[in-house]
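The following block contains the structure, expressed as C-alpha cells.
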Amino acid sequence: MKFKHKLTVLIGASIILLSSACESFLDVNENPNNPEDAPVSGLLTNSTLETARNFYRAGSATSNYVQYLASPNPASSSDTMDPVDFSSTWFNLYNVMTDLTVIIDKSTESGANHYLGVAQILMALNLGMTVDFFGDIPYSEGFDFETVTPAYDDDQELYGQVLGLLDQGIANLKLETTRTIGEDDFIFQGDIAKWEKFAYTLKARYLIHTQSYSEALTALDNGFESNGDDAKVFFFEQAFNPWAQVAIDNSNLLLGGWISEQFIQALDGTSYPVEDPRLPLMVGTTSAGEFVGTVNGAGRGNAPESGARSTLIPGQYYTSTTSPILIATYAELKFIEAEAALPTDKNRAYAAYLAGIKAHMDMFTYEEEEDQADYELAKAAYLAAPSVAVGADALTLDLIMKEKYVALFLHPETWNDARRFDYGYKDMSLPANLNPNLNGEYIRRLAYPDSEVSRNGANVPQVTLLDRIWWDQ
C-alpha cells in the first residue's frame with residue numbers, strides 16, 4: 001500500500017489544474033524565498049476541496065444501495081449489491097488523510113493551532129467515512145515510512161480515534177495560533193467559529209451511530225444553528241460540481257443519474273399521503289412532465305434512453321455546475337436531535353423533526369417571484385399536512401428517518417442510516433436480480449478494494465458483504 005507523503009507531489013499537480021479558477025486561494029507565498037509555510041496552506045486548500053469530492057465519491061458509491069438512484073441497465077452491480085472495486089474511492093480517502101497528516105505534523109511544529117485543529121477535524125471526517133464503509137482499516141501504520149504493508153486497526157477502536165480527533169480539533173481551535181486560516185479553506189473560508197460548530201455536529205453524527213443519545217444531544221447543543229452554518233464546498237464553472245457532470249453526461253446519453261422508483265414514490269404521494277413540493281426541485285420529469293422512477297436491478301426495460309424516466313437534470317439545486325457539495329447540514333443536525341431526543345423528550349424531538357424538514361425546504365428557491373410564492377405556500381401546506389404534522393405523541397422513528405432520507409439526498413450518510421435502520425424505509429424492497437451471495441439480505445459493507453488486496457493482501461481481513469461493522473451489530 002503506497003500511502004506515503006510523496007503523494008503530496010501528485011496532489012500539488014492536481015491543485016495546479018484548478019489554478020485558473022482559484023488563483024487567489026493558491027497564492028500563499030508572500031515571500032517566495034521563504035516557502036516552508038506554503039505546503040500547509042496549499043495542502044489545506046486541496047484537503048477541503050477533496051474532502052467535498054470524497055462525499056460525492058462516497059455518495060455515488062452508495063446512492064443505489066439506498067435507492068436514491070437506479071441503473072438504467074438490468075442487473076447492474078451497483079443496483080444488485082454485487083462486489084464492486086472501489087479502489088479509487090479508497091485511494092482518494094487515503095490521499096486526503098496523507099495530506100492531513102502532513103498538515104498536522106507541520107502545524108504542531110510551528111504552533112499553527114488553527115490549521116492543526118481544522119486538520120484534525122478533517123482527519124476525523126475522512127477516517128470516520130472510511131471506517132463506516134470498510135470496517136477495520138490501516139491507520140496507526142498507514143501514514144509513515146516504516147512499512148508498505150500496514151496492519152489493520154480495529155474499527156471500534158478507530159471510532160474512539162475519530163471522536164478523540166474531534167475533541168482535539170475543538171481544543172486547538174480555541175488556542176492562539178501563529179498563523180490564521182483564510183481563503184485557503186474552501187469550506188468556511190477560515191471562520192473558526194463555524195469550524196467549531198462543525199466539529200460538534202460531526203460528534204453528534206458519529207455518536208448517533210452508536211445510539212449514544214445523551215452524548216449526541218450534548219454535542220449538538222454546540223453544533224450548527226442555522227442553514228448558514230452548513231459545511232459545504234461551492235464549485236465553479238471551470239471545475240463542475242461532479243453531480244452536475246453526471247446530469248450533463250446523462251443528457252448527452254452517457255447514461256447515469258437515473259432516479260429510483262423508491263425515491264420518487266416516497267415523495268410523489270404513493271408511499272405517503274402527501275405530495276412533497278421539493279420533488280420538482282430535486283429531480284427531473286419525463287418528457288410528459290411526470291415523475292417516473294426506475295426499479296433497482298431491473299433497468300429501464302423497453303424505455304428509451306431518454307424521456308421516459310426521471311433523472312438528475314442539469315441546473316437544479318444538486319446539479320448546477322456551481323452547486324455546493326453538502327458535507328454536513330443544519331437539517332441533518334435537527335434530525336439527529338429528533339432521533340436522539342425521541343426516547344426521553346418527545347416535545348423536543350418533534351420540534352427538531354419539524355425544524356429539520358423546514359431547514360431542508362429552505363435550501364430551495366425559485367428564480368421567479370410568483371413561483372417562489374407558490375412554493376412558500378406549498379411548504380406551509382406540507383408542514384401542516386396531517387401525515388407530517390402528527391404531533392409530539394404520535395412522532396415515530398419511521399417518520400424521522402423518512403424525512404432525513406429526503407433531506408440527505410445523494411449523501412453517503414444515508415447508507416449509515418439505512419444500515420442502522422435495517423433498511424426499514426417504507427416500501428423499500430430488495431432490488432431485482434439481487435446478488436445471490438447475499439441470501440436475500442441487504443449489503444452491510446463495501447468489499448476491500450482490489451488495489452489493497454494486491455498490495456497488502458496478507459493483512460486484509462477476510463470478510464463478506466454481509467459482515468457488519470461494529471456499530472451495525
Side-chain angles (χ1 to χ4, degrees), residues 2-57 88 91-127 129 142-145 165 168-169 172-173 175 177-192 194-195 198-199 231-242 324-325 327:
K2 301 176 181 177
F3 303 133
K4 301 297 184 184
H5 291 179
K6 64 185 179 182
L7 289 174
T8 59
V9 176
L10 299 175
I11 293 169
S14 69
I15 293 175
I16 292 171
L17 295 176
L18 295 171
S19 61
S20 63
C22 52
E23 181 177 352
S24 63
F25 286 87
L26 303 180
D27 186 15
V28 296
N29 286 322
E30 294 183 5
N31 179 1
N33 296 316
N34 182 29
E36 65 266 18
D37 288 337
V40 173
S41 184
L43 290 174
L44 183 63
T45 297
N46 194 67
S47 295
T48 51
L49 178 64
E50 288 302 314
T51 292
R53 285 182 166 151
N54 279 345
F55 271 82
Y56 158 73
R57 294 164 181 135
S88 62
F91 173 82
N92 282 296
L93 287 163
Y94 271 94
N95 222 5
V96 172
M97 289 191 285
T98 299
D99 276 10
L100 292 170
T101 300
V102 178
I103 298 174
I104 288 169
D105 291 345
K106 286 184 171 290
S107 299
T108 300
E109 293 171 0
S110 65
N113 290 315
H114 289 179
Y115 278 90
L116 175 59
V118 166
Q120 288 166 326
I121 293 165
L122 289 173
M123 181 68 86
L125 180 60
N126 284 275
L127 175 60
M129 185 157 43
F143 306 99
D144 56 37
F145 293 98
L165 283 163
Q168 294 164 32
N172 282 310
L173 293 179
L175 298 177
T177 184
T178 56
R179 62 179 298 177
T180 58
I181 299 172
E183 291 189 339
D184 45 348
D185 162 21
F186 270 110
I187 299 175
F188 293 121
Q189 294 73 52
D191 189 325
I192 298 304
K194 287 188 176 180
W195 273 104
F198 181 33
K232 57 191 175 185
V233 170
F234 284 94
F235 284 76
F236 28 85
E237 293 294 344
Q238 293 86 349
F240 287 0
N241 175 311
I325 291 291
I327 299 172

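Note that the structure is predicted; figures quoted are calculated from it, not measured.
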Return the CG to CD1 distance between L173 and I192, rounded to the nearest 0.5 Å.
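If I round to the nearest 0.5 Å, the distance is 5.5 Å.
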
Taking all heavy atoms of L125 and all of F198, pick out the closest pair and write down the distance.
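Scanning both residues completely, I find the closest heavy atoms to be CD2-CZ, 3.9 Å.
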
Whether the side chain of N126 engages the backbone of L122 through a donor-acceptor N/O pair (distance < 3.5 Å, no angle test) should be reported.
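Indeed, once roles are kept as given, a pair shorter than 3.5 Å links the two residues.
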
I187 side, atom CD1; I327 side, atom CD1 - distance, nearest 0.5 Å:
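CD1 of I327 is found 4.0 Å from CD1 of I187.
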
Checking H114 side chain against L175 main chain: does a donor-acceptor pair fall under 3.5 Å?
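Flag set: sc H114 to bb L175 pair under 3.5 Å.
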
Would you say the side chain of N46 lies within less than 4.5 Å of the side chain of F186, judging by non-hydrogen atoms?
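A side-chain contact is absent here, since even the closest heavy-atom pair is not under 4.5 Å.
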
Quick test of your reading of the model: are E109 and K106 salt-bridged, counting only N-O distances below 4.0 Å?
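Salt bridge absent between E109 and K106.
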
Any side-chain heavy-atom pair from N241 and Y56 closer than 4.5 angstrom?
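Side chain of N241 against side chain of Y56, heavy atoms only: no contact under 4.5 Å found.
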
Rounded distance [0.5 Å steps], CG in L93 versus CE in M97:
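Reported value, rounded in 0.5 Å steps: 6.0 Å.
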
How many angstroms lie between CG in D105 and CG in L100, if you round to the nearest 0.5 Å?
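Rounded to the nearest 0.5 Å, the CG-CG separation comes to 11.0 Å.
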
Y115: which of D184, T180, T177 passes side chain to side chain donor-acceptor pair (under 3.5 Å):
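Option passing the side chain to side chain donor-acceptor pair (under 3.5 Å) with Y115: D184.
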
Closest contact, heavy atoms only, S47 versus D99:
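Reported closest heavy-atom pair: OG-CB, 3.7 Å.
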
Out of curiosity, T98 OG1 to I103 CD1, how far, rounded to the nearest 0.5 Å?
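It comes to 11.0 Å.
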
Nearest heavy-atom neighbours spanning G169 and I121:
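Looking at all heavy atoms of both residues, the shortest contact is CA-CG1, 4.2 Å.
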
Using only atom types and a distance under 3.5 Å, with no angle test, would you say the side chain of T48 pairs donor to acceptor with the backbone of T45?
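Yes, because the side chain of T48 sits within donor-acceptor range (under 3.5 Å) of the backbone of T45.
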
Starting at CG of L165, measure out to CG of N172 and round the result to the nearest 0.5 Å.
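Answer rounded to 0.5 Å: 10.5 Å.
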
Considering residues at least two apart in sequence or located in another chain, which fulfil the side chain to side chain contact (heavy atoms under 4.5 Å, CB included) criterion with K194?
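K194 satisfies side chain to side chain contact (heavy atoms under 4.5 Å, CB included) with F188, D191, D229 once adjacent residues are dropped.
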
Are the side chains of R179 and S110 in touch, meaning some heavy atoms are under 4.5 Å apart?
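No; the side chains remain at least 4.5 Å from each other.
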
Does M123 reach the side chain of T101, with side-chain heavy atoms less than 4.5 Å apart?
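Side chain of M123 against side chain of T101, heavy atoms only: contact under 4.5 Å found.
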
So, N95 versus E50: side-chain donor-acceptor pair below 3.5 Å or not?
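Checked: N95/E50 side chains show no N/O donor-acceptor pair below 3.5 Å.
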
D185 (side chain) donor-acceptor with G190 (main chain) under 3.5 angstrom
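The answer is yes, because a donor-acceptor pair under 3.5 Å joins these two groups.
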
Flag the pair R53 / N92 as yes when at least one side-chain heavy-atom distance between them is below 4.5 Å, and no otherwise.
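No, too far: nothing below the 4.5 Å cut-off.
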
